[in-house]
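Atoms within each ligand, like the ligands themselves, are counted from 1 in listed order. Numbering of residues begins at 1 and proceeds along the displayed sequence. Note that the structure is a prediction, hence the values are computed from the model and not measured.
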Amino acid sequence: MKKTGLGWSDVTPKHLWLNRRAVMAGAGAALLAGPAMAKLTYSPSRFSTTEAPNSLEDITTYNNFYEFGTGKEDPARNAGALTTDPWSITIDGMVEKPGTYDLADILKDQPLEERIYRFRCVEAWSMIVPWIGFELSGLLNRVGVQPSAKYVAFETLVRPEEMVGQQSPILEWPYREGLRLDEAMHPLTILATGLYGEEMPKQNGAPIRLVVPWKYGFKSIKSIVRISLTDQQPQTTWNMLQPSEYGFYSNVNPNVDHPRWSQASERRIGAGLFAGRQDTLMFNGYEEEVASLYAGMDLAVNY
Ligand SMILES: Nc1nc2c(c(=O)[nH]1)N[C@H]1C(S)=C(S)[C@@H](COP(=O)(O)O)O[C@H]1N2
Ligand SMILES: [Mo]
């Protein structure tokens with residue numbers, strides 16, 4: 001895929017984040033060095049927000065990835081142990097061409113784009129991330145979705161020898177997520193293989209993770225090894241753990257509070273000590289694009 005026009009990495013003073021990367025090399029060299037950070041070729045996207053992205057440092061040092069520990073700094077410290085090459089994804093269930101596919105083969109078919117998305121965690125913080133990825137619909141169309149399929153289920157790798165968090169039963173492994181088929185086919189829904197123009201840092205879900213920008217961050221499952229098409233609503237990790245707090249839909253919604261905190265506002269990571277909280281937007285600001293998917297649904301019931 002030839003790069004056309006300007007991407008964010010062309011207009012960002014590159015030394016800003018390259019310097020940060022050099023600084024970080026002291027703390028976690030293995031995480032960002034080596035072939036896993038090969039340059040990617042991609043096009044810009046009309047779906048990107050014009051808000052300024054967070055720094056690479058913010059994006060790679062404040063993470064939720066419980067396979068590597070529950071602390072925000074644990075993934076940056078521990079994810080270096082993960083082997084991400086070779087990597088394959090099993091695509092099964094109600095598909096025409098089920099199989100276990102090499103990630104390299106999947107990627108040959110899919111045009112990479114830069115998508116600068118707002119990302120809103122259920123914990124009421126947010127970031128702006130310049131992902132590199134491709135539309136999930138492109139992959140699903142390639143393997144052929146059978147007419148009976150209504151949902152897509154995703155699973156993360158289970159490899160406790162490399163994922164220290166999996167040595168404890170903090171969550172029921174594998175981490176699982178799911179989407180309704182129309183949500184999965186929506187053009188905003190991407191599989192991301194990189195950010196800031198480079199391959200995905202391990203703490204962000206290398207080598208491939210989901211990004212669904214109108215839903216709370218936990219729907220964006222990392223290090224995916226299985227994608228299953230089904231006619232049953234899939235089980236999802238946070239819903240299994242605490243159904244009264246985390247529903248299947250998990251759409252960003254400032255009008256429906258989490259039982260233990262308000263979802264009306266958010267703290268932008270990296271904004272500085274004196275920046276105020278900002279209002280959370282309906283569907284995280286993607287209302288125009290996705291509200292029609294939920295027409296007629298009571299979003300306080302289907303949270
Ligand atoms: N496999 C897996 N995927 C996961 C998680 C996790 O713990 N394990 N955490 C989720 C949560 S709660 C958030 S907010 C995002 C964080 O993504 P980031 O670290 O790239 O910002 O990943 C999501 N995907
Ligand atoms: Mo989250």
Side-chain angles (χ1 to χ4, degrees), residues 28 31-32 53-79 82 84 87 89 115-133 153-160 162-166 168-179 190-196 198-227 235-242 245-247 250-252 258 260-261 263 266-270 280 284:
L31 300 180
L32 290 170
N54 276 85
S55 67
L56 183 67
E57 185 180 2
D58 287 343
I59 296 170
T60 55
T61 58
Y62 192 88
N63 300 102
N64 275 334
F65 198 170
Y66 279 27
E67 283 83 343
F68 296 106
T70 56
K72 294 286 180 273
E73 294 171 5
D74 289 341
R77 197 177 302 126
N78 299 327
L82 181 65
T84 55
W87 194 271
I89 303 181
R115 297 283 183 100
I116 305 171
Y117 278 166
R118 297 187 197 90
F119 189 82
R120 170 59 159 81
C121 177
V122 74
E123 298 163 325
W125 51 265
S126 63
M127 287 198 206
I128 304 291
V129 186
W131 304 110
I132 308 290
F154 303 85
E155 287 180 12
T156 294
L157 178 74
V158 179
R159 194 183 285 158
E162 292 184 356
M163 300 175 122
V164 289
Q166 287 181 340
S168 317
I170 342 162
L171 296 175
E172 203 179 303
W173 314 110
Y175 191 98
R176 284 160 244 234
E177 260 309 333
L179 296 173
I190 59 169
L191 287 171
T193 58
L195 56 83
Y196 264 119
E198 315 263 349
E199 283 188 17
M200 191 66 79
K202 291 182 179 178
Q203 56 268 49
N204 294 89
I208 185 163
R209 57 92 56 88
L210 183 70
V211 182
V212 193
W214 71 94
K215 292 179 181 280
Y216 291 121
F218 64 86
K219 298 296 281 185
S220 292
I221 181 172
K222 295 172 165 178
S223 303
I224 296 168
V225 293
R226 186 168 177 203
I227 300 176
Q235 290 235 289
T236 64
T237 289
W238 291 98
N239 181 253
M240 288 160 71
L241 186 77
Q242 197 46 272
E245 299 189 1
Y246 311 102
S250 308
N251 291 318
V252 174
H258 182 279
R260 291 183 281 131
W261 59 81
Q263 294 293 25
E266 65 201 53
R267 175 174 64 94
R268 178 64 52 82
I269 300 299
T280 287
N284 199 26

S.K.: What is the nearest protein non-hydrogen atom to atom 24 (N) of ligand 1, stated with its residue, atom name and distance?
M.R.: Ser220 O, 2.9 Å
S.K.: Looking only at heavy atoms of Phe119, does any of them come nearer than 4.0 Å to an atom of ligand 1?
M.R.: yes
S.K.: Run the numbers for me: atoms of ligand 1, each under 4.0 Å from some heavy atom of Ile221, listed by number.
M.R.: 3 (N), 24 (N)
S.K.: Counting heavy atoms only, name the option from Ala76, Ser223, Cys121 that's nearest to atom 14 (S) of ligand 1.
M.R.: Cys121
S.K.: At a 4.0 Å cut-off, with the gap strictly under it, does some heavy atom of Glu177 reach an atom of ligand 1?
M.R.: no
S.K.: How far is atom 8 (N) of ligand 1 from its nearest protein heavy atom, and which residue and atom name does that atom have?
M.R.: Glu67 OE1, 2.8 Å
S.K.: Between Trp125 and Tyr62, does the ring centroid distance fall short of 6.0 Å?
M.R.: yes
S.K.: Check the orientation of Phe218 and Tyr246. Use parallel for under 30°, tilted for 30 to 60°, and perpendicular for over 60°.
M.R.: perpendicular
S.K.: Quick one: nearest non-hydrogen protein atom to atom 18 (P) of ligand 1, plus distance?
M.R.: Lys222 NZ, 3.4 Å
S.K.: Please work out, at 4.0 Å between heavy atoms, whether the side chain, the backbone, both, or neither of Lys219 comes within that distance of ligand 1.
M.R.: neither
S.K.: Can you confirm, on distance only, whether ligand 1 has an N/O atom lying under 3.5 Å from any N/O atom belonging to Trp125?
M.R.: no
S.K.: Minimum heavy-atom separation for Asn251 to Lys215, with atom names?
M.R.: OD1-NZ, 3.0 Å
S.K.: Tell me the closest heavy-atom pair linking Ser220 and Phe119, and the distance in Å.
M.R.: OG-CE1, 3.8 Å
S.K.: Measure the distance from atom 9 (N) of ligand 1 to every protein heavy atom, then report the residue, atom name and distance (to 0.1 Å) of the closest one.
M.R.: Asn64 O, 3.2 Å
S.K.: Under a 4.0 angstrom heavy-atom cut-off, which atoms of ligand 1 come close to Gly217?
M.R.: 10 (C), 11 (C), 13 (C), 14 (S), 15 (C), 22 (O), 23 (C)
S.K.: How long is the gap from OG on Ser223 to CG on Leu210, to the nearest 0.5 Å?
M.R.: 12.0 Å
S.K.: Going by the angle between their ring planes, with limits at 30° and 60°, are Phe65 and Phe68 parallel, tilted or perpendicular?
M.R.: perpendicular
S.K.: Rounded to the nearest 0.5 Å, what separates atom CG in Leu179 from atom CD1 in Ile221?
M.R.: 10.0 Å
S.K.: If you measure from CD on Glu199 to CD1 on Ile208, what distance do you get to the nearest 0.5 Å?
M.R.: 11.0 Å
S.K.: For Lys72 and Asn64, does a side-chain donor sit closer than 3.5 Å to a side-chain acceptor?
M.R.: yes
S.K.: Within a distance under 4.0 Å of any heavy atom of Thr156, pick out the atoms of ligand 1 and give their elements.
M.R.: 1 (N)
S.K.: Heavy-atom distances under 4.0 Å are what count here, so tell me which part of Tyr175 touches ligand 1: side chain, backbone, both or neither.
M.R.: side chain
S.K.: Given Trp238, Phe218, Tyr246, Trp131, which one has a non-hydrogen atom that is nearest to atom 11 (C) of ligand 1?
M.R.: Phe218
S.K.: Hey, which atoms in ligand 1 end up nearer than 4.0 Å to a heavy atom of Asn204?
M.R.: 18 (P), 20 (O)
S.K.: Before accepting this row, confirm whether a basic side-chain N of the pair Lys202/Glu162 lies closer than 4.0 Å to the acidic partner's carboxylate O.
M.R.: no
S.K.: Going by distance only, is there an N or O of Tyr62 that falls short of 3.5 Å from an N or O of ligand 1?
M.R.: no
S.K.: Calculate, to the nearest 0.5 Å, the distance between atoms CD and CD1 belonging to Gln203 and Ile59 respectively.
M.R.: 11.0 Å
S.K.: Just need the protein heavy atom nearest to atom 7 (O) of ligand 1, so name the residue and atom and give the distance.
M.R.: Tyr66 N, 2.8 Å
